[in-house]
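One structure is given below, encoded as structure tokens.
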Number of protein chains: 4
Amino acid sequence: MSISLASAPTPSLQSAPAARLTPGARFAAVRTQSAALCQPLLPEDTVVQPMLDVSPPKWHLAHTTWFWETFLLREYQPGYQVFHPDYAFLFNSYYNSLGSRVNRADRGTLSRPPLADVYAYRQAVDAAMQQLLAQQADTLPPAFWEVFELGLQHEQQHQELLATDIKYILSTSPLAPAYLSEKVNAGNKKQSGSESASFSTSDSPAPPPAAWLPVAGGVHRIGFEGEGFCFDNELAPHDTYVADFELQNRLVTNAEYLEFMAAGGYHDFRYWLGEGWDLVQQQGWQAPLYWVERDGQWWRFTHHGLQPVNPAAPVTHVSFYEADAYAQWRGCRLPTEQEWEIAARQFGAAPTAGTFLESSLFDPQPLPPDASPDQCHQLLGDAWEWTYSAYHPYPGYQKAAGALGEYNGKFMINQLVLRGGSCATPESHIRLTYRNFFHADKRWQFTGIRLAR
Amino acid sequence: MSISLASAPTPSLQSAPAARLTPGARFAAVRTQSAALCQPLLPEDTVVQPMLDVSPPKWHLAHTTWFWETFLLREYQPGYQVFHPDYAFLFNSYYNSLGSRVNRADRGTLSRPPLADVYAYRQAVDAAMQQLLAQQADTLPPAFWEVFELGLQHEQQHQELLATDIKYILSTSPLAPAYLSEKVNAGNKKQSGSESASFSTSDSPAPPPAAWLPVAGGVHRIGFEGEGFCFDNELAPHDTYVADFELQNRLVTNAEYLEFMAAGGYHDFRYWLGEGWDLVQQQGWQAPLYWVERDGQWWRFTHHGLQPVNPAAPVTHVSFYEADAYAQWRGCRLPTEQEWEIAARQFGAAPTAGTFLESSLFDPQPLPPDASPDQCHQLLGDAWEWTYSAYHPYPGYQKAAGALGEYNGKFMINQLVLRGGSCATPESHIRLTYRNFFHADKRWQFTGIRLAR
Amino acid sequence: MSISLASAPTPSLQSAPAARLTPGARFAAVRTQSAALCQPLLPEDTVVQPMLDVSPPKWHLAHTTWFWETFLLREYQPGYQVFHPDYAFLFNSYYNSLGSRVNRADRGTLSRPPLADVYAYRQAVDAAMQQLLAQQADTLPPAFWEVFELGLQHEQQHQELLATDIKYILSTSPLAPAYLSEKVNAGNKKQSGSESASFSTSDSPAPPPAAWLPVAGGVHRIGFEGEGFCFDNELAPHDTYVADFELQNRLVTNAEYLEFMAAGGYHDFRYWLGEGWDLVQQQGWQAPLYWVERDGQWWRFTHHGLQPVNPAAPVTHVSFYEADAYAQWRGCRLPTEQEWEIAARQFGAAPTAGTFLESSLFDPQPLPPDASPDQCHQLLGDAWEWTYSAYHPYPGYQKAAGALGEYNGKFMINQLVLRGGSCATPESHIRLTYRNFFHADKRWQFTGIRLAR
Amino acid sequence: MSISLASAPTPSLQSAPAARLTPGARFAAVRTQSAALCQPLLPEDTVVQPMLDVSPPKWHLAHTTWFWETFLLREYQPGYQVFHPDYAFLFNSYYNSLGSRVNRADRGTLSRPPLADVYAYRQAVDAAMQQLLAQQADTLPPAFWEVFELGLQHEQQHQELLATDIKYILSTSPLAPAYLSEKVNAGNKKQSGSESASFSTSDSPAPPPAAWLPVAGGVHRIGFEGEGFCFDNELAPHDTYVADFELQNRLVTNAEYLEFMAAGGYHDFRYWLGEGWDLVQQQGWQAPLYWVERDGQWWRFTHHGLQPVNPAAPVTHVSFYEADAYAQWRGCRLPTEQEWEIAARQFGAAPTAGTFLESSLFDPQPLPPDASPDQCHQLLGDAWEWTYSAYHPYPGYQKAAGALGEYNGKFMINQLVLRGGSCATPESHIRLTYRNFFHADKRWQFTGIRLAR
Ligand SMILES: [Fe+3]
Ligand SMILES: [Fe+3]
Ligand SMILES: [Fe+3]
Ligand SMILES: [Fe+3]
């Protein structure tokens with residue numbers, strides 16, 4: 001008898017929809033990706049909520065569907081009838097404009113509607129959307145296309161959450177079940193140049209030592225400009241002043257983080273912010289999330305089950321508090337989001353170099369030993385980089401009118417900005433100006449550390 | 001599209017195993033019953049834990065299996081290998097003697113092992129048990145047979161919990177899904193004499209007014225004596241003194257309880273115990289659990305979905321606090337467990353007259369209009385009757401040695417005794433001496449009210 | 001500099017008012033006692049509430065005054081004006097009949113009215129009461145005298161709470177301040193026959209071994225009968241049946257309890273009720289409340305500061321859970337309240353033999369080495385004795401009409417009966433039929449253990 | 001009988017110590033100020049902690065004393081013996097470097113040491129400090145003088161906390177006691193030009209409408225530079241870029257805030273940050289802290305008891321959430337701390353124009369009707385101004401070595417910067433570069449609103 005997912009195939013995640021595709025094809029590609037991510041799951045996996053931050057996959061599948069139904073079908077498809085009158089109550093996430101809803105904390109108490117009904121909901125909404133796109137593409141107003149683009153991006157955001165929430169859900173069982181039954185053979189081919197690169201293991205060759213890259217201070221322009229989609233929180237583009245600074249040319253590795261641990265980093269309050277130190281004590285943190293020590297060796301839970309910690313790979317699943325304490329211990333600091341964006345623009349980060357959702361690796365990958373010390377690596381993909389910048393509105397920020405005004409603006413307090421995307425971010429979803437945000441104590445996202453000074 | 005369980009057949013619940021069957025047949029009958037109860041469920045329904053008291057059905061299925069494995073197979077089957085080394089951690093309920101275990105509050109966070117694995121576990125343990133029973137029946141010691149009998153009773157207890165936990169799980173969804181898709185045609189045939197009695201509806205004929213039956217006081221003997229199984233908490237049999245008292249000859253009905261509600265019972269502290277009144281305020285109780293008011297009429301969630309409250313049926317899903325407040329309002333009181341047992345012995349209660357699990361009605365049934373005023377009705381089955389007696393040890397109570405000493409004794413504090421079984425109790429499981437016990441605030445069991453004075 | 005109460009004189013506690021005194025004299029004696037208990041306190045001590053169960057002494061002083069004002073002056077003194085319109089809100093304890101009030105948990109957040117105002121309140125109410133008693137004693141109806149008697153008893157109950165709450169308040173400071181600055185010289189003269197008996201110390205001579213006293217079973221009458229005051233919860237007198245049993249002739253000593261501790265009693269779940277074991281783990285209980293270990297010796301906080309544990313003295317400040325676990329470990333059990341009262345009546349317990357509030361010892365005293373093995377000692381005074389009986393209504397119990405109906409009845413759930421009074425109980429307040437009640441986890445009262453079997 | 005503080009004189013608060021005084025005189029002046037603030041209090045007022053943020057005044061008096069003892073006497077006075085060995089445990093606030101301590105939440109559970117002992121502690125430490133200053137002033141190293149200056153500033157910070165904590169403590173009683181018994185006659189003489197200005201009342205003349213003052217964007221220098229004391233969090237001085245913006249020339253008034261309330265501001269989620277809206281719902285916020293509505297009029301609790309809301313005065317006791325919601329409703333925003341400081345430098349704010357602690361008004365004062373529209377008023381004093389800037393380290397920020405490194409740095413997360421000081425800030429304590437910080441939900445400080453756009 002086996003409790004592993006022995007027969008579960010790798011989800012067929014595909015490169016994100018290119019802009020040259022038709023709207024219908026782009027829509028289909030994104031929607032398919034969400035379902036593909038859930039394909040290795042059992043129905044049981046799709047309903048539980050082991051902690052407040054984690055939503056059941058069934059809920060993600062339904063909520064993203066509700067988004068299309070609510071913001072596009074009900075608005076633009078004449079005579080559209082909602083799939084089920086209770087689904088707005090069940091699958092509205094946080095839009096006060098759209099009425100009362102299930103408490104976020106109770107998402108894991110609901111076994112119904114069953115997964116099959118949620119898939120039926122997806123199919124019905126997909127069909128209606130395709131019909132709308134096919135029949136009325138020419139007459140739909142610009143406002144439609146704006147929300148259509150937002151819907152694609154929204155669904156991609158939930159794909160990242162699906163990846164991280166699935167990981168957390170599977171991790172809570174002592175059985176440590178693997179989401180993917182074997183090491184993935186697709187690998188990070190772009191980076192390694194190999195067709196057969198696979199999930200990084202504990203004997204990966206060490207990356208070169210981190211190098212400090214200087215960035216000249218002065219007034220720089222940041223924020224999104226130009227063509228294409230951006231979230232409202234990336235606006236308005238504006239000038240900002242930074243002093244000269246230096247940024248490390250790669251992410252902090254597990255090997256480096258293990259030095260912090262070995263030096264007693266989790267036991268010395270001097271490196272920690274006060275609220276972080278309280279958490280360390282209350283939660284008994286001794287290592288990043290998902291790490292367990294067995295017989296003197298550190299293992300960690302991954303989408304591929306329990307695996308040895310790979311010293312060469314970037315450390316991930318650390319809170320802001322841990323990232324900051326690590327930096328303090330090193331005598332360095334975390335960059336601000338302004339510094340990060342200025343450096344990233346200067347160093348010409350491109351998504352082609354990173355590990356993204358489509359790789360099915362679900363793990364930040366080690367930098368090859370021959371990586372150039374003059375380049376800035378891993379800026380996009382692999383792991384979100386905590387910045388020491390509050391998630392506040394940019395100068396000139398404007399909330400959208402209506403319910404979509406609740407999309408970003410109301411969260412602009414008590415959170416920190418993360419930059420660069422992760423191995424769970426769809427490749428087409430990330431930008432240098434992208435502002436992700438989480439509370440300082442969160443660890444279940446693929447969050448990592450890049451040092452500044 | 002339908003969210004109801006349209007195709008779910010009525011679970012084939014069968015009369016409990018008679019003593020004349022072989023041990024293997026009795027074992028098979030009880031084990032089959034548990035699985036049959038879960039048969040209408042989807043995998044999604046079997047993993048959630050919407051409140052602390054409710055365990056996921058998957059957990060019940062596995063825990064009862066672990067009980068057999070732990071207390072019989074590991075003890076008596078030479079060379080027995082446990083099905084999975086982690087299952088003792090996952091499915092031990094509360095036996096400190098048997099090591100650490102998943103927190104009770106976390107049972108609903110575990111999607112794994114999946115339901116299919118739990119059924120495989122059941123099959124493996126069933127096969128091993130049948131092999132043991134077939135091959136060694138003659139040589140197994142009396143201690144084996146004692147625990148074997150306990151195992152059957154234990155599994156029956158979890159069948160009642162399955163019935164009540166499933167109800168609660170399905171109730172949390174606004175979809176109000178039905179466990180059984182149509183009104184059951186089996187009915188309470190014993191009572192009504194009709195082959196086609198069905199789920200009671202809101203137009204049932206009213207039962208006769210409650211009559212007071214006198215019971216002569218004095219020293220009476222209570223507790224279990226004689227042949228057959230009993231739990232240790234029914235021992236030792238002992239004398240007890242009660243004064244003359246009167247007991248009502250049937251359960252309190254919904255119609256009667258609605259009078260209490262209409263009289264402002266939930267808004268007048270004078271009828272309530274202090275801790276009960278606090279709960280009424282904090283929880284906003286206005287009616288029994290599962291009741292909802294729509295357009296001036298009361299409905300309640302049942303195993304058959306949302307149904308109108310039937311005035312003729314016994315009120316159920318009330319806490320001890322509500323039962324006591326109702327009695328206070330009526331100028332009566334609840335009986336003690338001594339009074340209840342003395343009266344039940346005198347009135348010759350027999351299980352044949354009540355509604356039990358096997359009826360698949362999952363609802364206390366109304367007394368027929370022609371029920372005799374001289375008899376004491378509904379003592380067994382239909383609804384557990386709150387007594388104003390603490391669940392404390394009887395004189396001469398002795399805990400068993402070893403882990404099974406934790407079965408009952410350690411719960412003998414802060415709970416109240418309930419008597420008589422319910423519509424979710426297997427018929428062969430109940431006795432006049434049976435002592436069930438719950439905290440005063442619990443409402444998710446089929447609990448009802450019988451008045452004394 | 002000294003933080004002790006070096007100059008605090010022993011409060012002049014006097015024997016309780018005898019029935020032969022005039023009502024005015026009895027009233028004055030009881031009222032004076034309350035103030036005398038607070039006399040060693042500083043204003044700072046009278047306002048804090050270090051845990052929910054503990055009320056600030058200032059609150060006790062005011063609440064008892066409010067009781068007289070509310071139930072007698074407002075009812076029987078024509079034209080009486082309340083002292084302050086807000087005091088009913090501030091000093092009503094739990095009478096829903098009398099309107100909204102400060103949350104019990106917030107009593108320690110109120111610095112105002114200051115202590116001086118509360119004393120002024122006491123004086124004004126005392127004067128009005130004396131005037132009423134002097135001028136209208138002949139015309140006051142029986143109902144007045146019933147509540148008058150209840151008021152005296154109520155104030156005595158709060159005197160016991162003052163003694164135990166003051167102890168807890170002073171205990172929370174690391175300074176371990178003494179309520180009484182020197183060892184009291186009044187002692188337990190009745191028991192020891194010495195005029196100069198003093199606070200028991202760690203070198204007291206050991207009491208004789210506990211002897212088992214047999215009590216014949218059968219139907220016995222318990223509950224209050226005859227002349228004089230009793231609380232409604234001691235009614236109605238009624239017959240009860242008990243089997244033959246044996247009771248130990250003295251309280252369990254610290255020496256005996258230390259054996260339980262040395263045998264690992266706090267680390268072995270087998271002796272504990274489930275909810276008790278959970279508490280032991282959560283709270284880290286290792287010994288009775290107020291015990292601290294220093295350099296291998298056990299000390300405990302007392303009204304006389306930190307003192308070594310006296311092996312000869314009765315153990316006190318144990319919860320029901322600890323009392324029961326101790327009994328389990330000894331292979332015995334706790335008595336029921338019926339057994340306790342039947343035995344106490346048979347053995348002729350009299351208050352003259354015990355340690356009460358008036359001794360100013362505030363500590364249960366050791367039994368002298370020459371105590372007779374044939375007598376039952378320490379039944380009244382010294383330490384409340386946990387019984388394994390729920391605090392439920394007696395047969396025939398009737399709540400009073402009006403607000404005083406809330407005095408006792410609404411607490412008759414989830415608590416256990418304690419019998420016999422303690423070293424903090426006024427001598428005139430206790431009776432063999434007296435039923436005190438606390439939740440099983442409470443430890444701040446002077447609670448002790450007597451074994452049965 | 002009166003519960004008010006009828007005889008309590010106005011505390012003799014004096015202008016802050018000027019730099020030209022001797023160290024001993026400056027020390028004495030600051031220390032005297034702390035005690036003077038507590039002079040109107042009763043001992044009962046000095047021990048309670050009605051909410052976590054509020055510390056008992058007795059604790060403030062002792063903690064500030066412990067600061068001098070710990071950081072100067074123990075370091076620089078040879079042979080110094082601490083006043084009491086337990087006081088470090090009792091009065092250390094949050095310095096992990098200095099060992100374990102009373103939980104912050106438990107400060108209000110400790111009645112001992114009594115207030116008199118704390119005053120004795122203050123006297124002993126004051127005497128030792130004066131002796132040290134007198135005898136060794138010439139030989140004390142620069143490090144001493146740095147901490148000496150910090151000690152003065154630290155004590156002034158606690159003076160502001162004393163003022164706000166006393167207000168909260170007195171507010172919790174329904175008696176609404178006044179800290180100061182009559183309207184203060186010292187007034188805001190600097191601003192009004194009158195010697196007899198008094199506590200502002202509800203018939204103050206309205207201030208002129210707010211005017212928008214433009215500030216030219218560009219790179220500006222902020223942070224502390226030059227002579228004199230600053231906290232480490234004001235360093236390093238650095239360049240920052242802001243775009244052109246406008247700032248209102250005065251604080252938002254109660255009249256303006258009442259318009260927000262009347263427009264349903266507390267009932268419309270659209271104006272609120274998500275976490276703020278949750279609080280509004282959970283706490284039932286309807287108005288600023290301390291406001292109560294009686295018979296259709298708004299009153300508020302002040303140091304002078306319950307007073308009508310004065311429409312002309314600046315609104316205060318609002319959280320960041322309320323400040324931001326108000327700004328959103330007005331179609332404006334809050335300034336960043338960079339904008340605030342740049343504007344304040346440009347407009348030449350001087351403390352002479354504001355209301356400070358020394359006025360004994362304890363209330364922000366209305367701007368006179370003839371205030372110039374071209375000037376920026378109320379920048380210093382009156383009310384702290386919420387900025388939409390996170391309290392994060394400035395570029396180049398360095399924590400001090402040792403325990404004092406815990407003074408500021410470890411709080412640099414999840415808080416917002418407030419600027420400008422308040423009516424409870426000592427006048428000599430404030431600077432244009434001063435960065436105060438609180439969590440977004442805090443309301444018990446004198447916090448107000450200035451709009452930007
Ligand atoms: Fe969403
Ligand atoms: Fe079980
Ligand atoms: Fe009372
Ligand atoms: Fe401080």
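Just so you know, these numbers use all the heavy atoms, side chains as well, and skip hydrogens, waters and symmetry mates. Every chain is numbered from 1, with letters handed out A, B, ... down the list of sequences.
- Heavy atoms of C:His238 lying under 4.5 Å from chain B are absent altogether.
- C:Val315 and C:Pro288 make their closest contact through CG2-CG, 4.0 Å (heavy atoms, listed as atom of the first residue, atom of the second, distance).
- Heavy atoms of B:Thr336 lying under 4.5 Å from chain C are absent altogether.
- Proximity to chain C (any heavy atom under 4.5 Å) is restricted, for B:Phe269, to the side chain, taken from C-beta onward.
- Interface residue B:Trp277: only side-chain heavy atoms are found under 4.5 Å from chain C.
- Taking B:Gly276, B:Pro395, B:Pro393 one by one and counting their heavy-atom pairs under 4.5 Å with chain C, the maximum is reached by B:Pro393.
- Residue with the most contacts toward chain B among C:Ser389, C:Gly217, C:Gly409: C:Ser389 (heavy-atom pairs, distance under 4.5 Å).
- Using a 4.5 Å cut-off on side-chain heavy atoms (C-beta onward), C:Ile222 and C:Ile342 make contact.
- In this structure, the ring of C:Phe91 has its center no less than 6.0 angstrom from the ring center of C:Phe67.
- Contact annotation for C:Tyr321: only side-chain heavy atoms (C-beta onward) come within less than 4.5 Å of a heavy atom of chain B.
- C:Phe231 and C:Tyr407 have their aromatic ring centers within a separation under 6.0 angstrom.
- For the pair C:Arg443 and C:Phe320, the cation-pi test (distance below 6.0 Å, angle within 45°) is failed.
- The candidate with the highest count of non-hydrogen atom pairs below 4.5 Å against chain B, out of C:Phe411, C:Trp272, C:Tyr388, is C:Tyr388.
- Using a 4.5 Å cut-off between heavy atoms, C:Arg333 makes no contact with chain B at all.
- Annotation: cation-pi geometry not satisfied between C:Arg330 and C:Tyr271 (NZ/CZ under 6.0 angstrom from ring centroid, within 45° of ring axis).
- By number of non-hydrogen pairs under 4.5 angstrom with chain C, the leading residue of B:Lys410, B:Arg270, B:Gln328 is B:Lys410.
- In this structure, B:Arg419 fails the cation-pi test against B:Trp384, since its NZ or CZ atom is not both closer than 6.0 Å to the six-membered ring centre and inside 45 degrees of the ring normal.
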